[in-house]
Structures are given as structure tokens and as C-alpha cells.
Amino acid sequence: MPSLFTVPIHALKQIGPKRAQLFEQLGLSTVGQLLRYYPRTYRNWQTVRDIRDVPPDETAVIRVTVTRPPAERRIRKGMILYKFSAADETGSVEVTLFNNKFGAARFTAGSEFLLYGKLNGSGLYRTMSAPDFAEAGNGGQIQPIYGQTEGLPSRIIQQAAAQALTMLPEQVRDPLPDELRTRRGLCGLREAICTLHQPPDMDRLAEAHRRAAYEELLVMQLGLLRHKSHSRGETALRLTHDDSEAFFARLPFAPTGAQRRAVSDAIRDMMRSTPMARLLQGDVGSGKTAVAAALCHTAARNGLQSALMAPTEILAAQHASTLQKLFDGTGIVCALLTGSTPAARKREILAGLADGSVHVVAGTHALISDAVVFQRLGLIITDEQHRFGVAQRAALSAKGAQPHLLVMSATPIPRTLALMMYGDLDLSVLDELPPGRLPVDTLAIRSSRRERAFAFIRSQLELGRQAYVVCSLVEGDDEAPDDRKAAADYCTELQHGALAGFTVDLLHGRMKAAEKEAAMAKFAAGETQVLVATTVIEVGVDVPNASVMLIENAERFGLSQLHQLRGRVGRGGTQSYCILVSDAQGAEARKRLSVMVETTDGFRIADEDLQLRGPGDFFGTRQHGLPALQMAGQYSDIALMQMAQEDALSILHTDPGLDAPQHRALATEVRRLFGSFGGTLN
Ligand code: ADP
Ligand code: MG
């Protein structure tokens, strides 16, 4: 098998330089890599259903006989429809093909086909558009579907993989040691590879998935755990004295026990000769900022600079102003540096960081770019770590200065998962909310009661409070072009309707940074009474006077996201409310809403989320910054994760360097998965 990793992909028949380039785009340049490129999903042609049994709009495979051959109809220039009728013993279906002259010609009267597609309609009138089809005799397979790229359809990848399989030697070196495999009841690598590319049946496929997911989890665990124990070099940035009490005395409130513990954990770390690498987990509103500030304060008193990184400019600005207030009169100088800092001011700050006259800087990721030079950077704190992954952490320690690192997360993660995802960090948990917090009163309503909800919001505004209205536009690349307009329209509608007479402003992800900041600042200052926002407010924003949040189409959000959103209210001393508007009928959506109504405990919500959605979402690359896992997200469960975790610990316990012969192939896989980290994993 290792040798196949040196055989270039164009060694396969029908793959010339041009196609090889397309494979390259998928990260596949060798036959070995292709064999390890597992299908994204499968089309199961084995489970054939009766037309009558398929509910409306469900996707299924049906076996039909053509009763009326295709009729051609040109609907407009360049678009020809082919419609034909077909039936099984239980019902009939009208099938439409688009611009598929050759395909259509095969559906002669009396011929038998398997069709795979969405079966629309009900009763006597069922239709199917552009199904996949196979002649009935050829059916019965489980067809692999590969992640494809423009010009390289799954079918071609499938053919290439089939060829590659014939080159697979009888003996394949399996990264999983035999003993482990037997004990855990997992199939061998060779069998897994063959099964994943050409599954004989669903049971064997499930076994292969389990094995592949386990291997990924194990390799990831080994990588993270080794990273934890090996990558931290010596640091010259040790703290010598703890100045946190002086800082606590300046706070307008008494720190909670949990805040004190987190601060002293971190300071103890920073007094050691290895740099701190700690995760601070605390539910929304648990007061992570005060912990960060206490550490920046102590670092400054020890002659070290600190950088506080936030995922958005809004949040960075808010942190900067919080710190400035807290450090007023201490002589500690704090600055804000983001993409929208004016050039002249930026030059000033950069100079201050270089000569040490600026002690603490808040900003976005740009802070750790090469252009920013610190005189003596001792502490890096990142807020909302999801967007700051292992790769960046490794890049930082590789910078050589070995600053201390505190990663703050407001996403409560079930313990199993936290250990899995942050295996390279030590953990502090803020498990205590500041005193006097009232849990947010949450209710789920149908849209028919929206009027009453807005009447309630008006009554809160009249009491001098502020409100958020969240409309669930999808942020990001797939945002439809006129969604922005929809948000603006919705905002205008409120201004002239339900919220006439109040000041209403709009905040969404597509606004320019300066505009966002201005909108946020006005809301924070109380100039705006209602902020209509998309999920950009999900992260971190702190306006204690906001006492009510209404979330439109609440079913569109995941539990954790709803929890984050709700965390924007209930931050002051008054009773706050969260109104979830949804007409969703689905059982899962209703369940999510009822969890939100029942509890405000972030850890419980995270657990429910894990139960409802499985670990897949937590492994989505967008979230955690871990190397992308192909299989673990879709095909693993908590038990498998725990197994991988235990096994990784026990392997490293006996063989920390993965040097034993039976672990060498594993070490290679660890290097492959964490390859992009360069030399940090030896
Ligand atoms: P998060 O952990 O969500 O980042 P913040 O740091 O923004 O929470 O704190 C939430 C609010 O709680 C802020 O207004 C902050 O001033 C306040 N706060 C933090 N710690 C305490 C405390 N020990 N007692 C009272 N209020 C506190
Ligand atoms: Mg925060």
C-alpha cells in the first residue's frame, strides 16, 4: 500500500494529464490517495419499493415497465422535454427527462428499468423528474457517489477507483495493529477499502464505515495528544508574580468562584517553563471577558504584552472598550487594531506594539500576521475559538516566541467531545453564572401569535429596554442575492408596522465593517431601540439593557446556535425574554424548540444537540479548525469516539513516540492527517 502512494494517478488507464489535473483538484495525485478517497455517499439500488408505498416527495428506487414511450416536446429554445409513462404492479408514474435524447431513446415500450428519484404527487398522479436510471437487469448495486469537481463526475472517479482496486496487493499494511483490531472487532484495511468503493451489501458497508471512522478518530487523537505533550517548547515568558487580586479589586463586581479558579489555573500555567495552552469554556454570560482582562493585567504587570483576538470586528471593538474602561488609571495602555483602523492610527499602534508602549491589543486574526511586531508578546487570548483551530495554534507555537495561549469558547461542548476536539489543551470551565442572573424566560409560538408577541416587545421598549429581532437569513456564500433586500424590507416593514414610533436599525453580515460597527455602537449606546439582525449577533455582543429577543423561523437554527443567540439577552439584572416563532411541524424541530423552552443550561443543550444531530455537525470543518475528517462526522457515534480516545491514550502510554514496529503505520497516518502543520509534529 505505501508504494501505491508513489504511483501517480495518470498511471491509470484513461487518465491523461488533463484528467490527472482534475483529480489533483480533489487532492488526489497518487493511486494510494485515490484508494483512500472514500465515497461521500451511496445510492442504494438494492432496496426497490412499490410506487404505492412511497410517500409524496420521497426519494426512492422503483422498478417499472414502460407503458408509453417518450414523447418529445420543445418548451423553449434549447430545452426539450421527454415525457413517458411507466408502471409497476402498484401504481403508475409519469416521468420527465430534460434534453436527454439518447437516454429517452432507451425507454421503449415494454422495457424494464430501475428509476432513482423523487416521487412527487400522490394517488393516481405520481411524477418523477430527471431520475437516475439503470436497466432492470443491471440493478441491485450499491452505487458509490464520490465528491466530484467540475469536469470530473462521480462516475469517472468510480471507474478510476475500480481500476486502482485491481492494483491493491493481497497484503496491505494496516495502520491499526492486529491486536487492537481484533479486540475492537474491526475489519482490516484491505477489506474496508474494497467494501467502501464497491459495497456488496449494506451490512458490510456499515462495518467498513465503522472501521474507517474509528481509524480517523484514533489518528486524530494520537495527533492531538502527541501535540500536547511534544510541541510545547520552553518559554522565556514566565510570569513571576500574580497580580490578579489588584485587578479584582478594580472590578465593579465580585468575581465568581469559577472566575477566580480559571484565573489562578491560568496564572499557575504561565509561571511554568512550558507555555500555557488552555481552553476556557464558559456558557454565554459566564464572564469570560473578566478572566481575560485579569490575565492581561497580570501579564502587563510582569512586563509582557497581550493580544486578545476576536472573530469579528464588532466583538474586537467591544473587547477593546471593555478593557480600556477596566484599565483606566492603571497605566496599562490598550489599543484596538482591525482592518478598519485608519492608517495613521494603525502606524501609531504598530509602533507602540513594537516599542512596548502599548501593553494590550484587541483585534481580529490580523493581529498575528507577520506585519505585526511585538516587543514582548507573552499572552494570546482568542475569543470564540471555533474559528481558531489546531492549525493556527500550531502555527503560533512555531513562531518561536512560545507565547502563552488561552482559547475561550462560549460553546458548551459535551465532555467527550471536548476531549476529542481539544485533546491538546488543558481545560478550565466557568460553571457558575454571576449572581442575580435570572434565567431567560423562553416561549415558542406560532406565527399566528406574532402580533401579540410584538405587543409584548413594545411594552418592554416602553419600559426603556431594548430588543433584538433575529431574521434567519442564511449568512455566507450561498446567501441568495436578494436576501439582503429581504432583511431590509423586513426591517422597513417593522418600522412602519408593528414597531412604528420606535427606532429600528438593521445589522447583517453583508454590511461593511464600519457600517456594522456603527449599527452596533448605536444599539449599545441605546440610540437604537430595536436591532433587526441576522446571526451576526450570535457571537459575543454584550448589551445588558436588551431584555427581549424574537427569533423568526426559529426552526432553521440548530440548538447550539439558538442558545448562543438567546445568550445576547438576560445579561443585565432584569427579567429577559426570548420568543421563538415557528410554524414547523417536524418532530425534530419541535423537539429543539421545546428543549430551548425547558432549559437555559448550555451543557444540557449541547448534549441534546449531540443526541439529536449526532457528532457529524461538530466535526464540520467550518467549526473547529481540526483537520477535515472524511468519515468520523457521518459514521461515528459517542461510543466509537470514546473507544478511540481510550485506545489513543493507552497506545501513547506504552509507546509515546509511536516507534514500535506495530505503530509505525499509525505514525505515518498521523503525519498524513496533520501534514499541513509542518514540523510541529515530528
Ligand atoms: P461571556 O462569558 O459571555 O463573554 P461576558 O464576559 O461578556 O460574558 O460577561 C457578561 C456580563 O456579565 C458582562 O456584562 C459582565 O460585566 C458581567 N459580569 C461578568 N462577571 C461578573 C460577576 N462576577 N458578577 C457580576 N457581573 C459579571
Ligand atoms: Mg464573550
Side-chain angles (χ1 to χ4, degrees), residues 2 173-189 192 210-235 265 268-269 272-279 281 389-391 393-394 397-398 402 405 407 413-429 615 618-619 624-627 629 631-632 636-675 677-682:
R173 190 156 77 137
D174 192 331
L176 299 184
D178 287 346
E179 178 277 323
L180 186 61
R181 234 167 21 76
T182 322
R183 186 159 48 82
R184 294 304 195 181
L186 298 161
C187 68
L189 178 60
R210 203 172 109 82
R211 134 91 210 202
Y214 171 87
E215 181 188 318
E216 265 186 3
L217 292 169
L218 182 72
V219 168
M220 183 172 80
Q221 274 308 281
L222 288 169
L224 289 176
L225 292 171
R226 289 195 68 202
H227 189 241
K228 178 174 184 170
S229 55
H230 286 275
S231 77
R232 298 189 207 166
E234 296 273 300
T235 181
D265 283 350
R268 192 169 11 88
D269 285 355
R272 298 212 177 104
S273 57
T274 44
M276 165 168 79
R278 182 168 286 279
L279 172 65
Q281 242 196 44
V390 185
R393 301 207 282 272
S397 19
Q402 302 284 357
L405 176 65
V407 175
I413 305 166
R415 191 174 165 73
T416 328
L417 220 49
L419 288 172
M420 218 45 227
M421 292 167 49
Y422 306 107
D424 61 331
L425 301 178
D426 297 311
L427 184 64
S428 289
V429 180
F618 288 92
F619 283 113
H624 52 61
L626 289 172
L629 299 183
M631 312 299 282
S636 68
D637 51 32
I638 300 289
L640 198 70
M641 279 193 226
Q642 269 160 346
M643 252 162 62
Q645 166 114 41
E646 270 170 37
D647 295 342
L649 283 168
S650 84
I651 289 172
L652 289 179
H653 184 68
T654 53
D655 181 17
L658 297 180
D659 301 317
Q662 74 271 27
H663 294 150
R664 267 194 215 133
L666 260 183
T668 308
E669 293 303 319
V670 172
R671 265 196 302 276
R672 212 195 309 286
L673 184 66
F674 288 81
F677 293 6
T680 57
L681 286 156
N682 38 11

*Spatial distance of atom CD (Glu669) from atom CG (Leu222) [nearest 0.5 Å]*: 11.0 Å

*Which atom names give the shortest non-hydrogen contact between Ala665 and Pro175, and what distance separates them?*
CB-CA, 3.7 Å

*Are Arg211 and Asp174 close enough for a salt bridge, meaning some N to O gap below 4.0 Å?*
yes

_Ignoring hydrogens, what is the shortest heavy-atom contact between Tyr214 and Leu180? Give both atom names and the distance._
OH-CD2, 3.5 Å

*CE on Met220 to CD on Gln645, rounded to 0.5 Å*: 9.0 Å

*Sub-3.5 Å donor-acceptor pair from the side chain of Arg181 to the main-chain atoms of Leu186, do we have one?*
yes

*Which distance, rounded to the nearest 0.5 Å, do you find between the CZ of Arg184 and the CD of Glu179?*
9.5 Å

*asked:* Are Asp269 and Thr274 packed together at the side-chain level, in the sense that at least one heavy-atom pair is separated by less than 4.5 angstrom?
replied: no

_With Leu176, the side chain to side chain contact (heavy atoms under 4.5 Å, CB included) member among Leu218, Leu189, Thr182_ = Leu218

_Nearest-0.5 Å distance that lies between atom CZ in Arg671 and atom CG in Leu658_ = 9.0 Å

*asked:* Once rounded to the nearest 0.5 Å, what's the spacing between atom CG of Leu405 and atom CZ of Arg278?
replied: 11.5 Å

*4.5 Å side-chain heavy-atom contact, Asp647 and Arg183*: yes

*Is the backbone N or O of Ala660 less than 3.5 Å from a side-chain atom of Asp655, with the two atoms forming a donor-acceptor pair by type?*
yes

*For Asp265 against Ser428, the heavy-atom pair lying closest together*: OD2-OG, 2.9 Å

*Closest contact, heavy atoms only, Gln662 versus Pro177*: O-CG, 3.7 Å

